[in-house]
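Bear in mind the structure is a predicted one, so any value in this text is a computation, not a measurement.
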Amino acid sequence: MQLNRRTFTKLLHGAIIAAAGLVSSAGLTALHAQDTKRNPGGEITFLLASLDSGWSLNEKVDIYTGQVWGQIADKLLHVNEKGEPTPWIAENWDVNDDYSSFVLHLKKGVTFSDGTPLDAAAVAANIDIWAKGDPERGIGRLGLFPSSTYTGTDVVDDHTVRVNFSTPTLSFLPTLGYHKTLLRSPASLNLKPEELGNLSKQIGSGPFVVESWREGDNVVLRKRPDYDWGPAAIDHSGPASLDKITFKVVKEAALRGSALEAGQADVALNIPPHELAGLRGKGLTVVAPPSLGFVSGFRVNTKAPHFSELAVRQAIQHGINRQEILDTVFTEDWGPAKSFLEANVPEAGDFSSLLTYDPEKSKRLLEEAGWVVGDDGIRTKDGQKLRFNLYASPWVSTSKQVDELIVQQLREIGVGVTLNVVDIATFNARVRNNDTVPLVEISRSFLDAGVAGRVLTDLHGGDNWFNYDQTNEKLNAFANAVDNADNYEKRAEILNDVQQHVLEQALFIPTTQLIQRLFVQSPKLKGDVYSGAAYPLYYGAWLEP
């Protein structure tokens, strides 16, 4: 197939950076200023709540194990907080006219830490595992990889691959910067089933290697002295400046904060908002990198009792006081939701007018739909009360506080809500596939907005967030249109219509913008860079004396 070279200034509304490997001049200026003060050597200790899973091929990489993977495994591309792919192991690339075939030109001289070359054959093997998995070894395909239209990867020569799809696939390039599209050595790809969860056998090509690993407790990384192929977005060459990184499990957030104050650690993940002011007052730095993805909020199960009614959904949409949630639970690091896509997603629109707090409108909508306030203050219709169970997310530390406010706010419009606070196992048992639960909290990042088309229905294996299956023709049409778009401008127009429709229909109830990963750290730590999914890269980081 004859391909036409396209620089990334033509992709994603001109926001994606040229394949030559350029990054924004402002970003380079800041990084150069830091680089002049770079101090080699030193160790950091990073505290987090868990390291229990996420080591196997294509296994769920959670917010904890993802911190480790970002240091030991490279990616083909780096995607920043604006959704812009920039060179990494793929130093440039070609795209055909309908975005169904992509040629990746790989850096030369790259090796995995076991000494094997990171060449075209290794890249093709990794892409095949992402797309297909290996059912015989219990390996599923990678969730966000566009597998349904993937037809294969051709090895053109030792440093060139061609990746082919049967239809336009705009999401492919951003997916290569996803925190799960990790490049691993052929030996790791071919592990026996019983070895897949052994981190010490998972070999990457990153700037750090595993020195020791105690399952569920800690991972110690040391720098790789021969590393010299970091992403173009980080203005650094040669090996990492830091000598060692220790990831240590400390389950209690208060203890993580105390360890930081005492100088026993350098970084802690996800300290509760109410503790941030005190830590800032102690001179610690709070980093809240923007994360591409969906905002915090609830997907609506339309099969739950009463939630097939538009009036009920809209009443709840306008019955939530989002500013009160921000003022009560969060700090200035959080902002208001304006859509169900995060504000830094290039295709995100501002639909604030559909999310206004208007309890009088909520009451009017319910009354017009026949919901009458009873003696207990809860509305009834046809002998049934407008009451439901709400489950706080066990993965989000602030969920209980937010939900407690929502329970009070909805009571004011005559909706009865019972809050349940349960552990992960109980949440999965009670909420997953339970059509009596109308609101399910979502906190999910992505690197390409095409994902929004795949949550609308169950077309093409979609996530079917709103439980219409394929009975809602409008959502079916949107899902197909997003999936089949052959240029970014056309897809952005479709996604604008998707956002408006979903919010007008109150199928997603936003609460606040999403901060999925928040880092409190020593002010001596400099040069940390974050992916578009808010995962840190410490390749360019160093410690001030």
Side-chain angles (χ1 to χ4, degrees), residues 44-75 79 112-113 126 129-130 133 138-145 175 177-185 188-189 191 193-222 244-251 253 256 265-271 289 291 293 393-397 424-425 428 443-447 516-519 521 528 530-539 541:
I44 63 171
T45 298
F46 186 120
L47 306 181
L48 65 182
S50 173
L51 284 172
D52 291 337
S53 63
W55 306 128
S56 185
L57 297 172
N58 295 355
E59 185 180 350
K60 175 180 171 60
V61 176
D62 59 26
I63 65 171
Y64 308 115
T65 48
Q67 313 298 319
V68 179
W69 277 119
Q71 322 313 321
I72 62 178
D74 293 324
K75 301 179 183 69
V79 177
F112 294 102
S113 59
N126 273 274
I129 281 284
W130 302 336
I139 302 170
R141 69 175 187 85
L142 195 59
L144 286 184
F145 191 88
T175 298
Y178 183 40
H179 58 276
K180 298 182 185 180
T181 48
L182 304 161
L183 292 168
R184 305 187 221 204
S185 74
S188 295
L189 296 181
L191 288 172
E194 63 271 18
E195 297 176 317
L196 288 170
N198 187 336
L199 176 61
S200 64
K201 292 183 179 293
Q202 294 290 352
I203 306 300
S205 61
F208 294 89
V209 297
V210 177
E211 179 174 284
S212 64
W213 169 51
R214 184 177 175 185
E215 189 170 6
D217 183 77
N218 68 77
V219 178
V220 180
L221 307 181
R222 58 178 168 80
K244 187 177 290 187
I245 305 174
T246 298
F247 292 90
K248 172 66 178 173
V249 173
V250 176
K251 294 186 181 296
R256 296 198 296 274
D266 304 280
V267 186
L269 179 66
N270 287 357
I271 301 294
S291 176
S393 171
W395 293 277
V396 181
S397 62
I424 290 175
N428 285 334
S443 108
R444 177 173 164 184
S445 60
F446 56 68
L447 292 182
Q516 200 167 22
R517 283 165 277 282
L518 185 144
F519 306 83
Q521 58 194 46
D528 41 316
Y530 298 85
S531 72
Y535 283 95
L537 300 172
Y538 291 129
Y539 166 59

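The ring-ring contact (aromatic ring centres under 6.0 Å, His included) search around F519 returns Y530, not counting sequence neighbours. For S50, the side-chain hydrogen bond (donor to acceptor under 3.5 Å, both in side chains) partners at least two apart in sequence or on another chain are D52. R444 meets the salt bridge (Lys or Arg N to Asp or Glu O under 4.0 Å) test with D463; sequence neighbours excluded. Residues forming a ring-ring contact (aromatic ring centres under 6.0 Å, His included) with F46 (at least two apart in sequence, or on another chain): F247. Scored by the side-chain hydrogen bond (donor to acceptor under 3.5 Å, both in side chains) test, S200 finds N198 as partners (sequence neighbours excluded). For F446, the ring-ring contact (aromatic ring centres under 6.0 Å, His included) test picks out F294, with sequence neighbours left out.
Rounding to the nearest 0.5 Å gives a distance of 4.5 Å between CD1 of I245 and CD1 of I44. Here the NZ-CG distance, from K244 to L221, works out to 10.0 Å after rounding to the nearest 0.5 Å. Of the inter-residue distances, the one linking R184 atom CZ with N126 atom CG reads 8.0 Å to the nearest 0.5 angstrom. In this structure, the separation between NE2 on H179 and CD on Q67 is 9.5 Å, given to the nearest 0.5 Å. Rounded to the nearest 0.5 Å, atoms CD1 (I139) and CG (L196) are 4.5 Å apart. Interatomic distance, CG of D74 versus CD1 of I72, reported as 10.5 Å (0.5 Å rounding).
Between the side chain of Q516 and the backbone N or O of A534 there is no donor-acceptor pair closer than 3.5 Å. Looking only at distances, a side-chain donor or acceptor of R256 sits under 3.5 Å from a matching main-chain atom of N270. Listed for the S531 side chain is no donor-acceptor partner under 3.5 Å among the backbone atoms of Y178.
The aromatic rings of W130 and F145 lie tilted to each other, with the angle between the two planes from 30° to 60°.
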